[in-house]
Every structure is written in structure tokens, then in C-alpha cells.
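Report on the structure given below.
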Amino acid sequence: MSLNAIMNTASTGLTAAQTQLRVVSDNVSNVNTPGYVRKIGDQVSLTSQGMGAGVEVARIRLATDRFLQAASLNAGAEAARQGVRHELYDRIQSLFGDPGGTSGFFSQVDSVFSAFAASAEDPTSSPRRQDALFRTQALFDEAARIDGQIRAVREDADGRIQSAVEKANSLLQQIEGLNLEIARATVINGDASGAETAQSALIGQLAELVDVRVTTRAVGGVSIRTGAGTLLAGEGAATLGYTRAGTVTGETAFNEIWVTEPGGQKRPLLDSVVSGEIKGLVELRDIEAPATSERLAELVAHVADELNRAHNANSSVPAPASLTGRNVGQAFETAIAGFTGQTTVAVTNAAGVVQARADIVFSGATMTVNGAAATPATFLTVLNAQLGGAATASFVDGKLTIAAGGGNGVAVADDPASPSSKAGRGFSHYFGLNDLISTDRPAFYETGMTAASSHGFTAGETLSFRFVGESGSKLRDIQVTVPAGGTVGDLITALNDTATGVGRYGSFALAADGSLSFTGYGSPAPTMSVLEDTTVQVPSGVSLTELFGIGGGVRASRADGFSIRTDIRQSPAKLALAQLNLSAAVGASALSIGDGRGALLLADAGERSANFAPAGDSSGGLISVSRYAAELSGEIGGKAVAARNRSDTAAALATEASARQTAYEGVNLDEELVLMTTYQQAFNASARLIQAAKDMYDTLLGMI
């Protein structure tokens, strides 16, 4: 070997040792820097004509392990998803208060029925009446407040989704910018470790928003895809797009989250991600919060309905001068058809003495009033004739009104042996003639209509549905047109059409009680919501969605619409706590001031079995209001605990994965000390070799 070769070998060793010492120095100085990844200098041998020619540091890289990195990113994404779900659901759970306390929402349900029980002990006590009414109104006010706050949580989640999308776009731009910097350094064999460390930190932040898969590019830098393979970075930065909905209501249809790949391909983001903060926010906004709203609305609606059932069986003393029902969402001929059993409309004076009465016997499409035959088309005429002018019945804008004259009042009661019934409700209850609780929209959807009933909507009116898949991304929007046929059967056929209706995603079916339900196809079935409804029923003015309660949104929106009837709230004496004596003939007393039997009915309303519709995670069924409230209380508490446990578990896994990654990628001072000693000795050896070559040069020159 020539002296020049020896000198070159020593010089490369000296340079390599200096580079390695700088790497070690950087590692030691960043031993406590969060997120810092240890550097490694890859040292290789040099050869010339088959002979050793020294060493060089080919590149400086980070001490990363792709398996540990993937585990850490996945665990971080799941921790972010479960963390945000727990945070927001905990806010929802706190709205209901302590389930075991005396001031929580569910304890207020029991206090309402207890207050009516106290009124039964002294029906003439004004303070007890006022207390019962106060507790009842407080319950519905609290339900409205909770429902509003749940919507606020959903609105907050929606806003945070938009913020997360904007943050993800910024991170992708920065990651792609660092890709270019790393690629340039790779081409010239430069040190790109600083850019790689910064990029690694950015990828960690991105993974908290959406789950990602990271692969190293041959040219330097990384390629990033979602778990399902959608390209986010590596060939340019993808762009996420989302527009928040603004003010959120129970019927809000949220916009799609889109991702536009670097090549221009536009895809729904939710089809590509299974974890991350955005996924958790969408699940809370679109699944968990609406489910709680639906359960709350179903409970409150049945509290109101059962109180109304009892109140319609009662009468105040003296009886009210008129009874005006709720909007039944149907033409009168349709609404009155289908009743069975018997009921009585009585006109009484201020002392409770019967002035006139009409005994009604229903038998499907036919009926009699005091023995006089009537049909749905002639019922009001016959009823007015039998009341002989003492009272007048009319039907306007979907509401039945019976008004007495001459300072008298009106009371309605069913025959105890054969009570009137349609879709599970008596005559007065079905029309809401003496409701205690009023609402500004249909509150129950057992219409009693059949496939042959006239639906009352105008042909050509439309309503639009949206179907969403399991991931939360939109499958399709479908607009359905009201057909020319005027029956409910015609309407259902149009809804279920596979070409112009929803028949490819599920089917609507009419139950025996007149309720309309939708069953989706597939497992899991797609979720259906109503985007727009332009239908108007004649003469009631309600929409098809409101009439049948189509979609979870319209059902959830019921929770904030209940209140005590205005005249009763202003005058507690009008609270109906007595019952009409059906055995009293005209001229006999049928109502008495001290009668508290009606108050007992109101007190027992919470224990009466009611038919709850499916809502949220509940399949519904025949259950009492009090039991349903207890189950809902337990479910909300259980979900909050489960969300916390999932969050804690995911956070623990993320911590463990991060710790293992840090243990591998972090700086170990003992190891760095060994490396520093090694490279110092290598540096010294190279320096001594240079000195030896110099001495040999000097000796040779001196010999000449």
C-alpha cells in the first residue's frame, strides 16, 4: 500500500469519526427533548481495486422502528377517538344529574306522580294542585333544557370536526413540505434527520385526528395513507373538505367530510378511517347524542301521553265551557273511523247536574249517538242533533271542538265495561279534548289509519331521504314524490318503490295501530334521515314526516315542545281531578267537587304499561313510564362509565406503545457514552496513522 493510500484511509477515518461524534453530541444534548428520535450514522467501508480504502458515513438516519411506530400511531388514534367520545358523553350524562339524588331529572319524573297522589288526598286543596302543576311543568322545562344542551354538544362536536379538518390540512401541507426537504438532502447524502424528526412529530399529530399508515419512500420522506388506503401525502398533499352545519336541531342533516387525493380523486373520508378524533366526534354527533335525545323524547312524550290519558278520563268541577282537541293530522272522516266501544259526551251546569248527554257506540265505520245511526261523514251532524243545542261539536284545522252554551260545561267519559278505543286511545284521549299537556307538534304516531285511509297529501309534493352507511358516510339521497293515489297504501307503495323510492335500502310498513315504521336492509342496516319535507296534510297542515314520525330527528325534536295547558296553568281549579258519573241521567248530578278519583288516575299514570317505540339503543315494547325512566337512567350512567373505561384503556395502550417506541428510539446515555469513547479512539487512531504517514514521508525525503 502506498503512503498516499495510507493517508487517504486515515483521512476518511478521521472524517467519519468526527461525523459520528457530532451525531453522538446531538443525541446527548437532546436526551430530555420530547419527541426527539435518536440519530444513527450508517458507516460503510470503502474499497479501491479490491483493497480497503477507508470508511465513510453513508447517511445519518433516525433510529426508528416501523412496527413500533405503527403501533404507537394506531394506539394514539384510538386514544383520541375514545377520549373525545368520553369527554362529550360525560357532558351529556351530567345534564341529567345524579340518578340516585333527589334533584336529578329522573327523580323529577317520580315526584310528578307523587304530587298528584297528594292531590287525591285533598282534591279541593289549591296549594296541592299548584304543587302538582309546578312539578309537572318543571319536568317538561328540564327536559327541554336537557334536549337543548344535547343539541349544543352536537353543535360543539360539529364545530370541532371542522377545526380538526382544517388542522389536518395544515399538517398535511407541512408534512409534504418536509418530504421535499428530506428528498433533497437524500440526493446529496446530506443530513435530513432534523427534518425527519419534525416530520415524525407532525405525523403523530395527524394520527390523533385520523388513523394513518406510514411508509418510507425510496427517494426520502414518507408516504401517508388512511387505514383504508386513501392517499394523504407522499405525492402531494391531499385536501380535506368540510362545512359545518351551523345551528343544530334534532332534524339537522350534516354535510359529508371529503378528502381530495393529490391526483384529484374525491372520496368520503369516513369510508377510509376507523379511529382518530374526527371519527370519535362523528360517532358522538351522529350516533350517541341523537340516541340519547330520542330516548329522552320517547320518555317525555309518554309521560305527557299517560297524564293526558288520565286527564281525558276526568273532568274539572265545574266542567269547562268547551273542550278543544289537538291537531290529529287527518280529515275528520278518517280520524273518527275505526273506533270501537262506548263513550259519553255530557253537558253539565255549574253544580254538575246533567243538562244533556250523548251516548256514543262505535263499531268501526258505523256508530250510533243515543241510538241514532251515523257514519264518519254524518257523525258531527248526528252528535249535534242529539245534544239538542246544549253543545256544538265542530272540526277545524285538524282539531275537534265541543263547546257548551248557556254557561254550562262539557265532560267526556268512556264506558268502564266497554271503553272507546282506537290505536290504544279512547275517544277524548285520541282527539286530545281534555289534555293536561299540550304540544306544538304531533307527539305520538299511532294514527289508527289503515292502508285504505285517505292520507290527505297533495300529489306531486316531495320529501327527501338520506341514507348513511355504517362508517357514517353518505350512501345516497333519494327524493320521493307523493303519488296520485290518495290512500295510505298508495303512499307506502310509492315510498317502497325500488326505482323512485327507498326500496333498495329498506321498506316502510304500516302497523295495526296506524304507525309507520322503516326497516333497513343489510347488517348493519343503513341509517335513514329526512333531509327535506315539503308535504302539507289537508286540513291539518302537518307534514308527512310529522304525522308518522319518520326519522329519528323528528321524534327527538318532541322533547322541547311540551307544556301544561295554558288555561290550567293560569287557573289550577281547572285541573280535572273528578270523574263523570255515567249512571246519572239528565237532571241528576254527575260531578262533585270533593271527588278525587281522577287524581288517583293521574298518580297511577306512571305505573300504567305503555307501548314505547324503538328509540336509540332501546327496542321499545310494553313497559311503564317509571320503569322506562329507570332503565334510561341506568343506560345513560352505564354508557358514561363504559366511555370512561374505553378512554382509560385506550390511553393506557397509547402510553405503553409510546413508551416502547421511546425506549427504542430515545437516547440512552450509557450507550452514547460507549459510542463516544469508541469514536474518540477511532479519531485518535486515524490521527496517529496520519502522523505515522507523515513521519514516513519525512524519513523518505531525508534519505534523498
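Because the structure is predicted, anything quoted here is derived from the model rather than measured.
- With sequence neighbours excluded, no residue forms a ring pair (Phe, Tyr, Trp, His ring centres under 6.0 Å) with F683.
- Annotation: side chain of Q205 is not in contact with side chain of L209 (no heavy-atom distance under 4.5 Å).
- No side-chain donor-acceptor contact under 3.5 Å links S658 to the backbone of A654.
- Salt-bridge formation is detected for the pair D617/K639: a Lys NZ or Arg NE/NH1/NH2 atom is positioned less than 4.0 Å from an Asp or Glu carboxylate oxygen.
- Here I161 contributes atom CD1 and I257 contributes atom CD1; the two are 5.0 Å apart, rounded to the nearest 0.5 Å.
- Around the CZ atom of R627, the shell of radius 6.0 Å holds no more than 12 heavy atoms that belong to other residues, nucleotides or ligands.
- Among residues two or more places apart in sequence or in another chain, the ring pair (Phe, Tyr, Trp, His ring centres under 6.0 Å) test is passed with F467 by Y505, F518.
- Residue G551 comes nearest to V554 through the heavy atom pair O-CG1, 3.4 Å, listed as atom of the first residue, atom of the second, then distance.
- Looking at heavy atoms from C-beta onward, F96 lies out of side-chain contact with E142 at the 4.5 angstrom threshold.
- Salt bridge status for D560 with R441: present, with a side-chain N to carboxylate O gap under 4.0 Å.
- Residues I150 and A289 approach most closely at CG2-O, 3.8 Å, considering heavy atoms.
- Side-chain atoms of V480 and T500, non-hydrogen and from C-beta on, never get closer than 4.5 Å to each other.
- The pair E208-R81 fails the salt-bridge criterion, with no side-chain N (NZ, NE, NH1 or NH2) lying under 4.0 Å from an Asp/Glu carboxylate O.
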Hey, can you pull the donor-acceptor pairs under 3.5 Å for the side chains in residues 266-279, sequence neighbours left out?
{"unit_1": "R267", "atom_1": "NE", "unit_2": "E261", "atom_2": "OE1", "d": "2.8"}
{"unit_1": "R267", "atom_1": "NH2", "unit_2": "E261", "atom_2": "OE1", "d": "3.4"}
{"unit_1": "D271", "atom_1": "OD1", "unit_2": "S471", "atom_2": "OG", "d": "2.8"}
{"unit_1": "D271", "atom_1": "OD1", "unit_2": "S473", "atom_2": "OG", "d": "2.4"}
{"unit_1": "D271", "atom_1": "OD2", "unit_2": "S473", "atom_2": "OG", "d": "3.4"}
{"unit_1": "S272", "atom_1": "OG", "unit_2": "T230", "atom_2": "OG1", "d": "2.7"}
{"unit_1": "K279", "atom_1": "NZ", "unit_2": "S471", "atom_2": "O", "d": "2.9"}

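- With sequence neighbours excluded, no residue forms a side chain to side chain donor-acceptor pair (under 3.5 Å) with D90.
- With hydrogens and angles disregarded, a donor-acceptor distance shorter than 3.5 Å links the side chain of N255 to the backbone of T243.
- Here the side chain of T655 pairs a donor or acceptor atom with the backbone of A651 at under 3.5 angstrom.
- V641 is linked by a side chain to side chain contact (heavy atoms under 4.5 Å, CB included) to R644, N645, counting only residues two or more places apart in sequence or in another chain.
- Every residue meeting the salt bridge (charged side-chain N to carboxylate O under 4.0 Å, His left out) condition with R160, not counting sequence neighbours, appears here in chain and number order: E87.
- The environment of CZ in R145 is crowded: more than 12 heavy-atom neighbours from other residues, nucleotides or ligands sit within 6.0 Å.
- In this structure K474 satisfies the side chain to side chain donor-acceptor pair (under 3.5 Å) test with no other residue, sequence neighbours excluded.
- Put simply, the side chain of E298 gets close to the backbone of A613: a donor and an acceptor are under 3.5 Å apart.
- The backbone N or O of G159 lies less than 3.5 Å from a partner atom in the side chain of S163, making a donor-acceptor pair.
- Contact annotation: the side chain of I146 approaches that of L296 to within less than 4.5 Å [non-hydrogen atoms, C-beta and beyond].
- Distance alone, capped at 3.5 Å, is enough to place a donor-acceptor pair between the R558 side chain and the R555 backbone.
- In this structure, the separation between CG on L495 and CZ on F548 is 9.0 Å, given to the nearest 0.5 Å.
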- Residue pair R285, D156: steps toward the salt bridge (charged side-chain N to carboxylate O under 4.0 Å, His left out) verdict: CA-CA 9 Å; R285 184 197 66 183; D156 180 26; over 6 Å; no
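- Between the side chain of S72 and the backbone N or O of Q69 there is no donor-acceptor pair closer than 3.5 Å.
- Side-chain contact between S557 and T249: absent, with no pair of heavy atoms (C-beta onward) separated by less than 4.5 Å.
- We find the OG1-CD1 distance between T215 and I224 to be 8.5 Å, quoted to the nearest 0.5 Å.
- Between A657 and A71, the shortest heavy-atom distance links the atoms CB-O, 4.0 Å.
- For R151 and E155, the salt-bridge test fails: no basic side-chain N is under 4.0 Å from an acidic carboxylate O.
- Note: I478 CD1 to S464 OG = 10.0 Å, rounded to the nearest 0.5 Å.
- Under the side chain to side chain contact (heavy atoms under 4.5 Å, CB included) criterion, A245 pairs with D158, T252, F254, sequence neighbours left out.
- Contacts of E470 classified as salt bridge (charged side-chain N to carboxylate O under 4.0 Å, His left out), with partners at least two apart in sequence or in another chain: none.
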- Start with the C-alpha distance between T19 and Y679, add both sets of side-chain angles, then the distance that settles side chain to side chain contact (heavy atoms under 4.5 Å, CB included), and finish with yes or no. CA-CA 9 Å; T19 302; Y679 295 132; over 6 Å; no
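- For R213, there are no side chain to side chain donor-acceptor pair (under 3.5 Å) partners at least two apart in sequence or on another chain.
- Two residues are said to be in side-chain contact when any heavy atoms from C-beta on lie closer than 4.5 Å; E532 and T534 meet this criterion.
- In terms of the ring pair (Phe, Tyr, Trp, His ring centres under 6.0 Å) criterion, residue partners of F612 (sequence neighbours excluded) are, by chain and number, H302, Y628.
- In this structure, the side chain of D533 engages the main chain of T545 through a donor-acceptor pair within 3.5 Å.
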- Message: Is there a side chain to side chain contact (heavy atoms under 4.5 Å, CB included) between V222 and R217? Walk through the geometry before answering.
- Response: CA-CA 5 Å; V222 295; R217 302 189 307 172; 5.6 Å; no
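- In this structure, E56 and V44 have side chains that are in contact, with non-hydrogen atoms separated by less than 4.5 Å.
- A donor-acceptor contact shorter than 3.5 Å is absent between the side chain of Q82 and the backbone of A643.
- At least one side-chain heavy atom of L240 sits less than 4.5 Å from a side-chain heavy atom of L172.
- The CD atom of E235 sits 5.5 Å away from atom CG of L231, with the distance rounded to the nearest 0.5 Å.
- Atoms CG and OG1, on L531 and T462 in that order, are 11.0 Å from each other to the nearest 0.5 Å.
- Around the CD atom of Q680, the shell of radius 6.0 Å holds more than 12 heavy atoms that belong to other residues, nucleotides or ligands.
- Residues passing the salt bridge (charged side-chain N to carboxylate O under 4.0 Å, His left out) test with E288 are R85, sequence neighbours excluded.
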